[in-house]
Amino acid sequence: MLSESARMTTAEEARYRIDYPNSKPRATKVIALDPASEAVVKRLAQGQWQQASFFTSLKFDGAPRGGEGWTMKAWLSDLAGRTKDLIDEVTSADLVVMVASAGTKPDAAGVIAEACGTRKVMTTALIIGSEASSDEELSKTLASLRPYTSMLVIASNDDYIEEMLVALRA
Amino acid sequence: MLRKEQNDLLTQTGPATPFGQMFRCYWVPALLAEELPENECPPVRVKLFSERLLAFRDTDGKYGLIDEFCAHRGVSLWFGRNEESGLRCPYHGWKYDVTGQCIDVPSEAAESGFCKKIKLTSYPLVKIGPVLWTYMGPPDKQPPLPEWEFSLVPPEQCFISKRLQESNWLQAMEGGIDSSHVSFLHRGDLGSDPLFKGAKGNKYNLSDMKPHFEVVEQPGGLYIGARRNAENGNYYWRITPWVMPNFTMIPPRGDHPMHGHFWVPIDDHNCWAWTYDFHPTRALTKDERAAMQAGQGLHCKYVAGSYRPLANKDNDYLMDRAAQKAGKTYSGIAGFAIQDSSLQESMGPVCDRTKENLVSTDNGIIMARHRMLRALKTFTDKGTLPPGVDPEHHKIRSVSIVLPPDQAFKDGARDALTRKLGKAQTTV
């Protein structure tokens, strides 16, 4: 007599797996950390996504740091230029993806990661354009992002981000 | 998740399939040399990439891998007589050499030249170390022989086994680059298996169950780095190279032998899980070899006279619920190899990746699929050879190392990630 495992691992039995959507759409927030990655994120935003939304943090460098002028609201914006509150966006996120290009030292990553860490939201950082950049440039960006994310991916091509977001059902 | 057409692309490896064509660009392990132990020994049936083949070793010690079936009436040549530099079909006496060339048709006059018009498909079969390798692609595209370190060290430094896995090759291979499962599925064995225990690195593994990951592309595939906290703010890194499409090397632990896998499709529902252990600078000890032969480490025990694991789906993998409950094993299944195969086979013959829900720590798997699909496109569109064919891509090593927090493993372990024959591995 066949064992349970032997019977259940057949192609015939695979047909009886219940066919239903076994997950709900997850909110993924994709944030560009520098001008080159912003161009990539803008291109990505043209695609069809379940619950992904796209942002830029380029105003971070000019924003006040600390003290009375400090705010979480002044520098994050959607791709139409509307200012967004980082805390609101992170609170409603299941995953935050930060995109940086090799050679940059994105200071916004620390603030975004802190907001995510407080709310237990997973972060992933992607470094793009590694093929065209020197090891030194890449290392600089890696070192600046490493403390702030549990998953760091160095991709030679921009097309990986799209592939990853699809794989994660963004 | 993958779309159905992507899943089909990566899991179908028969001769008429796109990925099957690309997979045939590589030298792959076909048999253990021990399966053809002497000249004129019995032939061995081999199925690879959904092709039924027969391996034999002729009177002169030459190896052949040919179509299993006689060109005359379709009889299996497994019943053949291996004699006088060829394999003779017992039905009507047709005889073939190791290249598949028919060299005798007794019913026809030798002068007629009839037998010269008969040739079976054949593939080269080359012994490197304890493994017989084959290349099943177009003869004019045959690449140089593989140069994996485990196959180049002296025999006393190496041990290799294979086991049948009753699932598609891809779900087996993806287990090998899924670093985050180790802390769960295999946690019971890190401290007890003789081929793992005692390494300082185990302490880092078991004290930090939430590793951080970095995935970096390299010419032949990927480096997947898992970092955990070490002393003084440093990081303990375990770096696994994956070389396209089916090779991984697991990061070393202490002075234990290094090890890893190849996964080779038999057909779309079965694959061979090859496991190698080697030490770069010393012979394996008697105890190490005995442990490997006894099925410890990444190896397994077999059903007598076969390469099928003793714990298999027919006996529910010898599930031990008491051991599971007591925490001796996490899943109730004993041994690294069967812990993996039991779960991977439970996915079904071909995992339906349209239903999976990957998370960000699965980026190694996502990137590997991406690399393979990208390579497949350029191979199909332009005929570009995929990464991993060039023997330069084989000159890699896995590494375990402690690095300062601001140092990229790609920089800090650059030298250690390069194969150096006869030189010690970098390990913690």
Side-chain angles (χ1 to χ4, degrees), chain A residues 1-15 17-24 26 28 94-97 122-127 130-131 135-136 138-157 159-169, chain B residues 1-3 6 166-167 180 210-218 222-223 225 227 235 268-269 312-317 319 342 344-367 369-371 373-374 404-412 414:
Chain A
M1 196 172 94
L2 283 179
S3 71
E4 278 288 288
S5 296
R7 273 198 308 124
M8 292 308 165
T9 52
T10 60
E12 173 66 15
E13 282 297 325
R15 289 174 48 221
R17 292 197 175 199
I18 307 170
D19 189 15
Y20 70 107
N22 62 6
S23 63
K24 292 178 182 166
R26 283 159 284 174
T28 305
D94 294 298
L95 172 69
V96 170
V97 177
M122 288 291 286
T123 55
T124 290
L126 282 145
I127 301 175
S130 63
E131 222 160 44
D135 284 347
E136 198 178 316
L138 192 56
S139 296
K140 183 171 112 180
T141 310
L142 267 172
S144 65
L145 288 174
R146 184 171 295 118
Y148 305 124
T149 179
S150 55
M151 171 53 80
L152 192 47
V153 183
I154 297 109
S156 58
N157 290 79
D159 58 358
Y160 178 66
I161 308 176
E162 184 170 358
E163 198 77 33
M164 183 196 76
L165 292 174
V166 170
L168 296 175
R169 298 179 181 273
Chain B
M1 60 156 269
L2 282 178
R3 296 190 302 277
Q6 291 175 313
E166 296 172 71
S167 79
S180 60
K210 280 200 167 179
H212 290 57
F213 293 97
E214 288 186 23
V215 180
V216 182
E217 292 190 64
Q218 49 110 341
L222 300 176
Y223 291 126
R227 71 170 160 88
Y235 291 139
D268 292 345
H269 291 180
N312 58 57
K313 64 184 184 181
D314 289 344
N315 52 29
D316 286 321
Y317 307 94
M319 164 63 84
S342 56
Q344 291 158 6
E345 289 179 7
S346 79
M347 294 168 164
V350 183
C351 178
D352 179 359
R353 292 176 177 76
T354 65
K355 293 203 168 68
E356 67 187 4
N357 286 280
L358 299 182
V359 294
S360 62
T361 51
D362 292 317
N363 257 287
I365 290 171
I366 299 171
M367 178 68 97
R369 294 174 185 174
H370 173 68
R371 287 290 308 259
L373 288 167
R374 198 169 73 193
D406 57 348
Q407 193 163 25
F409 77 71
K410 202 165 167 273
D411 300 333
R414 184 188 303 276

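Only a predicted model underlies this, so the values are computations on that prediction, with no experimental measurement involved. Just so it is clear: chains get the letters A, B, ... in the order the sequence lines come, proteins before strands, and each one is counted from 1.
Contact tally against chain A (heavy-atom pairs below 4.5 Å) for His269(B), Lys210(B), Met347(B): the top residue is Met347(B). With respect to chain A, the highest number of heavy-atom pairs below 4.5 Å among Ser342(B), Ala408(B), Ser167(B) belongs to Ala408(B). Note: Gln407(B) leads Glu166(B), Lys410(B), Glu345(B), Gln407(B) in heavy-atom pairs under 4.5 Å with chain A. Across His370(B), Arg227(B), His212(B), the residue that shares the most heavy-atom pairs under 4.5 angstrom with chain A is His370(B). Across Glu214(B), Arg369(B), Arg3(B), the residue that shares the most heavy-atom pairs under 4.5 angstrom with chain A is Glu214(B). In terms of heavy-atom pairs under 4.5 Å with chain B, the best-connected choice from Thr124(A), Leu95(A), Val166(A), Val153(A) is Val153(A).
Distance check, rounded to the nearest 0.5 Å: OG of Ser360(B) to CG of Asp94(A) gives 11.5 Å. For the atom pair CD (Glu136(A)) and CG (Asp411(B)), the distance works out to 9.5 Å, reported to the nearest 0.5 Å. Between Arg371(B) atom CZ and Asn157(A) atom CG the span is 9.0 Å, to the nearest 0.5 Å. The line from CG of Asn363(B) to CG of Leu168(A) is 6.5 Å long, rounded to the nearest 0.5 Å. Atom CG in Asp316(B) sits 10.5 Å away from atom CE in Met8(A) (nearest 0.5 Å). Separating the CG atom in Asn357(B) from the CZ atom in Arg26(A) is a distance of 4.5 Å, to the nearest 0.5 Å.
Neither the backbone nor the side chain of Ser180(B) comes within contact range of chain A, judged by heavy atoms closer than 4.5 Å. Only the side chain of Arg17(A) comes within contact range of chain B, with at least one heavy atom under 4.5 Å from a heavy atom of that chain. Both the backbone and the side chain of Met367(B) come within less than 4.5 Å of a heavy atom in chain A. The parts of Thr9(A) that come within reach of chain B are both its backbone and its side chain, each placing non-hydrogen atoms under 4.5 angstrom from that chain. Contact annotation for Asp19(A): both backbone and side-chain heavy atoms come within less than 4.5 Å of a heavy atom of chain B.
Looking at every heavy atom in both residues, Ile18(A) comes nearest to Lys355(B) through O-CE, 4.0 Å. In this structure, Ala11(A) and Pro349(B) approach most closely via the heavy-atom pair N-CG, 3.5 Å.
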Asp362(B)/Met151(A) under side chain to side chain contact (heavy atoms under 4.5 Å, CB included): CA gap, chis, key distance, verdict: CA-CA 9 Å; Asp362(B) 292 317; Met151(A) 171 53 80; over 6 Å; no
Test side chain to side chain contact (heavy atoms under 4.5 Å, CB included) applied to Glu4(A) and Met319(B), step by step: CA-CA 12 Å; Glu4(A) 278 288 288; Met319(B) 164 63 84; over 6 Å; no
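Contacts between residues 140-148 of chain A and chain B, defined by a heavy-atom separation under 4.5 Å, are made by Leu142(A), Ala143(A), Arg146(A).
Take Thr123(A) and apply the side chain to side chain contact (heavy atoms under 4.5 Å, CB included) test, not counting sequence neighbours, and it matches Val96(A), Met98(A), Cys116(A), Thr149(A). Tyr223(B) pairs by the ring-ring contact (aromatic ring centres under 6.0 Å, His included) definition with nothing, not counting sequence neighbours. In this structure, the side chain to side chain contact (heavy atoms under 4.5 Å, CB included) partners of Thr10(A), at least two apart in sequence or on a different chain, are Glu12(A), Glu13(A).
Between the side chain of Glu217(B) and the backbone N or O of Ser156(A), at least one donor-acceptor pair lies under 3.5 Å.
Within a 6.0 Å radius of CD in Glu356(B), more than 12 heavy atoms belonging to other residues, nucleotides or ligands are found.
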